[in-house]
2 protein chains.
Amino acid sequence: MQEGTFMKPRHGHISESCRPISEILSLIGDKWTSLIIGRLRGEPLRFNELKRRVDGISQKVLTASLRALVRDGFVERIEYPTVPPSVEYRLTPFGHELAEPLSVLQQFALDNAGRMEAARAAYDARTGGEKPDRQKTQPIQPAAVP
Amino acid sequence: MQEGTFMKPRHGHISESCRPISEILSLIGDKWTSLIIGRLRGEPLRFNELKRRVDGISQKVLTASLRALVRDGFVERIEYPTVPPSVEYRLTPFGHELAEPLSVLQQFALDNAGRMEAARAAYDARTGGEKPDRQKTQPIQPAAVP
DNA sequence: CTGAATCCAGTCCGATACTG
DNA sequence: CAGTATCGGACTGGATTCAG
């Protein structure tokens, strides 16, 4: 119990100033959390349904991410005591408030993908074909809209 | 040459869909990049001046982050061939476009820090004092506004 | 001053196996 | 169905040292 249990440290010690910015940023900056929030906009989902929609996420990471979101008050976890266990996750009003500016950023990314790619190509050409070792970032799913 | 050279992979392989969202998100979600963008709003800065203002960042990470930002077209690097080398970094128009929605998110974080903390306290109380091992996120500097 | 290169601890997260 | 436990590889980023 010291690794996949809660996650989201990411930002270590800095000066003495703000703190909440680093929390939000590390929240949306991790690999999956912002996608989870995107999928949860519009409708509550059960664990495995959510797992299917995010597609590619491991249950370990989904569990940990959801717990962090629940702890921070962005997601509500509702457990139905049915015979096969059933748990529903939904965005809280607070979570929807976060989802809104977040989707703006996602939309910006979608709208400007071409510009970024062009800038990178130009940069790589300028630096003389010496490709850096930055690994190509792999695809991800669109914002939400299921 | 395979580590501090270019950074920003973070998001590995996922399905076959979007990709740009993960790029932007991993870009701003890392420990320092969004702070750098925030400091660069309003005025261009030289390397060490920027390093001083971000305060706590190592030159290795600052160098790598700046290079990634330049490559993606968000920051322009201007080298003055003076006797002590002088390099200026400034946001491009594209960079300012990114900075805007980003600052909205930062403002959201500032405005809702209390709510997040309260939610966490409530959660920790509910789960019976069994504190999770999530490390307390440390402070960071405010948005920008120099 | 502006970086590049190396060393290295701490994290993230994917795969797999097991439980109520 | 909804998790928990563990192993292991990959990546982040801090400190330090060296160079143009």
Side-chain angles (χ1 to χ4, degrees), chain A residues 1-14 22 25-27 29-33 35-36 45-52 54-68 70 77-89 127 130 132-138, chain B residues 1-15 22 25-27 29-33 35-36 45-52 54-68 70 77-89 132-135 137-138:
Chain A
M1 192 236 273
Q2 41 53 279
E3 183 260 71
T5 5
F6 238 91
M7 71 156 44
K8 307 295 159 41
R10 176 76 53 71
H11 292 190
H13 49 82
I14 310 188
S22 97
L25 259 25
S26 69
L27 189 72
D30 78 352
K31 192 169 181 178
W32 301 105
T33 301
L35 289 179
I36 295 170
L45 292 172
R46 295 178 51 183
F47 186 87
N48 276 314
E49 179 59 21
L50 185 53
K51 183 174 187 305
R52 266 187 296 278
V54 174
D55 179 63
I57 194 172
S58 65
Q59 76 282 53
K60 172 181 137 180
V61 172
L62 179 55
T63 300
S65 299
L66 283 171
R67 186 178 311 181
V70 168
R77 184 195 132 114
I78 304 170
E79 188 171 340
Y80 298 103
T82 55
V83 158
S86 170
V87 180
E88 183 182 278
Y89 291 94
T127 57
E130 296 284 339
D133 67 345
R134 177 209 256 221
Q135 295 162 20
K136 289 156 283 299
T137 307
Q138 289 299 319
Chain B
M1 191 234 273
Q2 39 55 276
E3 182 262 65
T5 6
F6 238 90
M7 71 155 45
K8 306 294 159 40
R10 175 79 50 73
H11 293 192
H13 49 82
I14 310 189
S15 75
S22 99
L25 259 26
S26 69
L27 187 73
D30 78 350
K31 193 169 181 177
W32 301 103
T33 301
L35 290 178
I36 294 171
L45 293 171
R46 294 179 50 185
F47 186 86
N48 275 315
E49 180 60 21
L50 185 53
K51 183 174 187 306
R52 267 187 295 280
V54 174
D55 179 63
I57 193 172
S58 65
Q59 76 283 56
K60 171 183 139 178
V61 173
L62 179 55
T63 299
S65 300
L66 283 171
R67 185 178 312 182
V70 168
R77 183 194 133 114
I78 304 170
E79 189 171 339
Y80 298 104
T82 56
V83 158
S86 171
V87 181
E88 184 182 277
Y89 292 93
D133 68 345
R134 178 207 256 218
Q135 295 162 24
T137 308
Q138 288 299 319

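Proteins come first, then strands; the chains are lettered A, B, ... in the order of their sequence lines, and each starts at number 1.
The separation between A:Lys31 atom NZ and D:dG9 atom P is 17 Å, rounded to whole Å. To the nearest angstrom, P of D:dA2 lies 11 Å from CG of A:Leu66. Atom pair A:Phe47:CZ and D:dC1:P shows a separation of 11 Å (rounding to whole Å applied). Note: CD (B:Glu88) to P (C:dT2) measures 11 Å, nearest angstrom. Here the C1' atom of nucleotide C:dT2 and the CZ atom of B:Arg52 are 12 Å apart, to the nearest Å. Between B:Lys51 atom NZ and D:dA15 atom C1' the separation is 11 Å, expressed in whole Å. Spacing between atom CZ of B:Arg67 and atom C1' of D:dT12 amounts to 16 Å, rounded to whole angstrom units. A straight line from CD1 of B:Ile78 to C1' of C:dC1 spans 17 Å, rounded to a whole angstrom.
The side-chain contact (heavy atoms from CB on, under 4.5 Å) check on B:Gln59 picks up B:Phe47, B:Lys51, with sequence neighbours excluded. When the salt bridge (charged side-chain N to carboxylate O under 4.0 Å, His left out) test is applied to A:Glu49, the partners found at least two apart in sequence or on another chain are A:Arg52, A:Arg53.
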What pairs of nitrogen or oxygen atoms, one from the protein and one from nucleotides 16-20 of chain C, lie under 3.5 Å apart?
{"residue": "C:dA17", "atom": "N6", "partner": "A:Gln59", "partner atom": "NE2", "Å": "3.3"}

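Of the candidate nucleotides C:dT2, D:dG14, D:dA2, D:dA2 has the atom lying nearest to any side-chain atom of A:Arg46.
In this structure, A:Thr63 and A:Pro84 both approach DNA chain D, and ranking their closest nucleotides by distance from the 5' end singles out A:Pro84.
A distance of 4.5 Å separates CD1 of B:Ile57 from CG of B:Leu62, quoted to the nearest 0.5 Å.
Heavy-atom minimum distance, B:Arg46 versus B:Pro85: NH2-O, 3.7 Å.
Heavy atoms of A:Tyr89 sit under 4.0 angstrom from primed sugar atoms or phosphate atoms, though from no base atom.
Partner of B:Ile36 under the side chain to side chain contact (heavy atoms under 4.5 Å, CB included) criterion, chosen from B:Leu45, B:Asp30, B:Leu50: B:Leu50.
Between A:Arg77 and D:dG3, a side-chain N or O to OP1/OP2 separation shorter than 4.0 Å is present.
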